[in-house]
Amino acid sequence: MFQVLRGPLTVLGRLLLCTIFLLAAVGNKIPHFSDVARIMESVGVPAPSFLLAGAIVFLLVGSLSVIVGYKARVGAVLLLTFLVLASYYFHPFWKLEGQAQQEQMIQFMKNLSMMGAMLFVIANGSGPMSVDSLLHKRATAPADERGTFAQANVA
């Protein structure tokens, strides 16, 4: 029974894992670009407008890549890079004390858990029911089956 659920659960897992990144870009960073760039500058991020544009690209490309499972390892590297930098600049619990330190440590640890998930995707790929899996199956299919794939896609 688990094998039957493996594909759908993997798709759902990829979607749940990356929704936060996609919504952060579309719902916050893009519509509030100037405000976010000012916040980035206030915490010491160099070239905040340039790096914010890069962060938006990393968030959009990375999350969509992992969700659909196309070049998911590359997408996970983009999201991992974003998480490392965001954690360092925005959740420096080691510089704080008291309640503020506790709150930022929680945020840092949340990001740390997502970094672990990205490492998991980098190590294992996107799994079944992904574009990567479909392309791998096509590339490794015997020659006579590859013709069947091509004919099925034309129809």
Any side-chain to backbone donor/acceptor pair from Gln101 onto Phe93? Under 3.5 Å, distance only. yes
Tell me whether the count of non-hydrogen atoms from other residues, nucleotides or ligands lying under 6.0 Å of OH in Tyr70 goes above 12. no
Would you say Ser133's side chain and Met129's backbone share a donor-acceptor pair under 3.5 angstrom? no
Main-chain N/O of Ala24 paired to Asn28 side chain as donor or acceptor, under 3.5 Å: no
Less than 6.0 Å separating the ring centroids of Phe58 and Phe82? no
Inter- and intrachain pairs under salt bridge (charged side-chain N to carboxylate O under 4.0 Å, His left out), touching residues 29-52, at least two apart: Asp35-Arg38
Is a side-chain N or O of Thr10 found less than 3.5 angstrom from the main chain of Gly127, in a donor-acceptor match? no
CE of Met105 to CE of Met109: how many Å apart, nearest 0.5 Å? 6.5 Å
To the nearest 0.5 Å, how far apart are CD in Gln104 and CZ in Phe90? 10.5 Å
How about CD1 on Ile20, more than 12 heavy atoms from neighbouring residues, nucleotides or ligands closer than 6.0 Å, or not? no
Can you hop from Val61 to Val66 via hydrophobic side chains spaced under 4.5 Å? no
Show the nearest heavy-atom pair for residues Arg73 and Asn124, with the distance to one decimal. NH2-C, 3.3 Å
Where Pro46 and Tyr89 come nearest, the two heavy atoms and their spacing: CD-OH, 3.5 Å
CG-CE distance between Leu79 and Met114, expressed to the nearest 0.5 angstrom: 9.5 Å
Tell me, please, which residues at least two apart from Ser126 pass side chain to side chain contact (heavy atoms under 4.5 Å, CB included). Arg14, Ala72, Ser130, Asp132
